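None of these values were measured; they are calculated from a predicted model. Every chain is numbered from 1, with letters handed out A, B, ... down the list of sequences.
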Amino acid sequence: MSNEENSTPGNFIRAIIEADLASGKYGGRVATRFPPEPNGYLHIGHAKSICLNFGIAEDYNGTCNLRFDDTNPHKENVEFVEAIKRDVHWLGYDWGDRLYYASDYFERLYDYAVELIRRGKAYVCDLSPEQTREFRGTLTEPGRNSPYRDRSVEENLDLFARMRAGEFGDGEKILRAKIDMASSNMNLRDPAIYRIRHGVVHHQTGEAWCIYPMYDFTHCLSDAIEGITHSLCTLEFEDHRPLYDWFLDTLEVEHHPQQIEFSRLELEYTVTSKRKLTRLVEEGHVEGWDDPRMPTLAGMRRRGYTPASIRDFCERIGVTKSVNNVEMSVLENCVREDLNRRAPRRMAVLHPLKVVIENYPEGAGEMLQAPNHPQDESMGVRELPFTRELYIDRDDFREEAPRKFKRLVTGGEVRLRNAYVIRCDEVIKDDAGEIIELRCSYDPDTLSKNPEGRKVKGVIHWVSAPHAVRAEVRLYDRLFNQPNPGADKDGADFTDFLNPESLLTLTGCYLEPNLRDAGPGEFFQFEREGYFCVDPDYSHGLPVFNRTVTLRDSWAKIEKQGG
RNA sequence: UGGGGCGUCGCCAAGCGGUAAGGCACUGGGUUUUGAUCUCAGCAUGCGCAGGUUCGAAUCCUGCCGCCCCAGCCA
């Protein structure tokens, strides 16, 4: 540990960048970009890419552009553009004045395509989509040249101009790169670079174009135009790198960024494919892109995950090229760690059970003081009303005590958090035998001190019944039952693995009174229950709290083992 | 069966020829008016497998095996 000088790169991409910096490859410049397609909301996988790209720019004194890869207007719209901008900002990153759209470059891209034709490296092809597929060959058989492959430069120039002019219908013609139909890399078998799309209004360019460039052609040139030095993308584009380089080399573009691929994040018990997330939304399996069960940034924000915890998560999972499947516990740990430090403590009874303190004077009451954070005095204290009638959680009482159960039992004692020790004297049941009330007595000499001569192990939370704030609490669990719901196993659809208990809504909860004024964006630890945040939805009167994540629960473990 | 990648603890992940970091998870102890937090300790004679080179190999060589990606006019 004596190498304070040579700070470790952190991951292989940073190692490459440091080597490039050392060799002066791009004049000591580092420029990255985050290039989402605005066809859906950003999810946790994008967060990894955002943290990587913006993080590198920050650390190496470089820049990171936000560039919308908007070449397929059919699937894209401004709602997604705005949501993406909002989410990147929320995560804590800023692109300054470097907001771009690939569509900004449509005119230049068109010129590059013309240049490709002039160089005899692109041609207009009349094959139908079906024929194109047939001519492409298979993984093991080479493809065949299109009969239109040898059109003259003049004819191609004329045809391409007429494609732009709208003389041909969708699918009638495409512009293709002329590379090698026998290449073992399918991407090099004369890939399409421009297709015709009539009747779609592009969210940025309106109806100015009826031809749109394809990803492979657009991306490398957009990177070059913006002076990107390191173009980071996921592993599935590794096979596209030769094409990325081919366009730039063939066009002799002055600046040639290098594409570096890393593996995409897979998180257990969720899906991070835009197609699948879109289906969850459109088929109504969730309430929207910002449903707290969604792995989208919007969903996690509403759930109460903090930007800091997500950035910490992205830091911890690393960046490599190996297939990975990260356990949910890593993310949850990051969330707990951040919230534990920052969340004020409160008490909330989720499953109320009435308690009457029989030796506490009727109509009386007192204000007790409770710290907002047990380890951080700077967070101050709050006042809690204590009265004769309280609510505790049903789970904190048992008539018959299991081994190791250290909460309230008939005839036993328990500490009321921040208050007195009480003893349960009598259990009141209704005709159906259901417990409806507990008759207890308190020991007035146990405020801020332990009773003498006996040990009280358990501590439970409570709220004063006449002061309690009624609220709705939504308990979230994993969206899927399977660790890897997206894996296509035996023809099963990923929706088959949806967890029917991913949302449990509790409407009869009672919160301590100072939670009455909590507003959207505020978060708390409900002691012994978990971290909760205020949901923006106030549509049905009751305040709504979302459970962000539970507390670690070793009792649940013991109980599950039959403790 | 073509091409491109990847295989280090249950899950991530350092390591780049000198004798296996760290995090999460898990297990056990301590503190505790949250069964929380905090804290201490444990957790790979082993790096997909088999050979080889070397004084010495997770790291180099050879051959296998397994997994992922590619046949959109999607990105």
Hey, what are the protein-to-nucleotides 39-42 of chain B N/O distances that come in under 3.5 Å?
none

Whether Arg407(A) engages the ring of Phe397(A) as a cation-pi pair (distance to the six-membered ring centre under 6.0 angstrom, angle to the ring normal within 45°) should be assessed.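 Checked: cation-pi criterion not met.
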Mark yes or no: Arg346(A) above the aromatic ring of Phe526(A), with NZ or CZ under 6.0 Å from the six-membered ring centre and no more than 45 degrees from the axis.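 Geometry flag: not set, cation outside 6.0 Å or 45°.
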Applying the 5.5 Å / 30° rule, does Trp555(A) stack onto the base of G35(B)? yes
For [N], does the base pair up with any side-chain atom of [X] as donor and acceptor (N or O, under 3.5 Å, distance only)?
| X | N | value |
| --- | --- | --- |
| Arg341(A) | U37(B) | no |
| Glu134(A) | A71(B) | no |
| Arg407(A) | G35(B) | yes |
| Asp239(A) | G3(B) | yes |
| Glu141(A) | G2(B) | no |
| Arg415(A) | U33(B) | yes |

Pair Tyr305(A) and Phe523(A), ring centroids less than 6.0 Å apart: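 No, too far apart.
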His240(A)/Tyr244(A) aromatic ring centres below 6.0 Å: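 No, the ring centres sit 6.0 Å or more apart.
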Leu331(A) or Leu127(A), whichever maps to the more 5' nucleotide of RNA chain B: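 It is Leu331(A) whose nearest nucleotide is closer to the 5' end.
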Nearest nucleotide by nearest heavy atom, which residue falls closer to the 5' end of RNA chain B, Ser184(A) or Glu529(A)?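 Nearest nucleotide further toward 5': that of Ser184(A).
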Could you tell me the separation between the [atom1] atom of [X] and the [atom2] atom of [N], rounded to a whole number of Å?
| X | N | atom1 | atom2 | value |
| --- | --- | --- | --- | --- |
| Asn324(A) | C9(B) | CG | C1' | 17 Å |
| Ile196(A) | C73(B) | CD1 | P | 14 Å |
| Ile174(A) | C74(B) | CD1 | C1' | 14 Å |
| Glu172(A) | C73(B) | CD | P | 17 Å |
| Met328(A) | G23(B) | CE | C1' | 18 Å |
| Arg316(A) | C11(B) | CZ | P | 19 Å |

Among the nucleotides [options], which one has an atom lying closest to any side-chain atom of [X]?
| X | options | answer |
| --- | --- | --- |
| Lys557(A) | A71(B), A75(B), C26(B) | C26(B) |
| Leu235(A) | G5(B), U33(B), C74(B) | G5(B) |
| Thr140(A) | A36(B), U1(B), U34(B) | U1(B) |
| Gln375(A) | U37(B), U34(B), G2(B) | U37(B) |

Which glycosidic conformation, syn or anti, is assigned to G72(B) if syn requires a torsion within 90° of zero?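 Judged by the O4'-C1' to base torsion, G72(B) sits in syn, the angle falling within 90° of 0.
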Partners passing salt bridge (charged side-chain N to carboxylate O under 4.0 Å, His left out) against Arg528(A) (at least two apart in sequence or in another chain): Asp396(A)
Could you tell me which residues satisfy salt bridge (charged side-chain N to carboxylate O under 4.0 Å, His left out) with Arg345(A), sequence neighbours excluded, listed by chain and number?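 Residues passing salt bridge (charged side-chain N to carboxylate O under 4.0 Å, His left out) with Arg345(A): none at all.
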If we call it a pair only when both distances are under 3.5 Å in a Watson-Crick or G-U wobble match, what pairs with C67(B)?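 Partner of C67(B): G5(B).
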When Leu232(A) is tested against each of Phe34(A), Phe262(A), Phe237(A) for side chain to side chain contact (heavy atoms under 4.5 Å, CB included), which residue passes?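 Between Leu232(A) and the candidates, side chain to side chain contact (heavy atoms under 4.5 Å, CB included) is satisfied uniquely by Phe262(A).
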Decide, yes or no, whether a salt bridge links Glu226(A) with Arg67(A) under the criterion of side-chain N to carboxylate O below 4.0 Å. yes
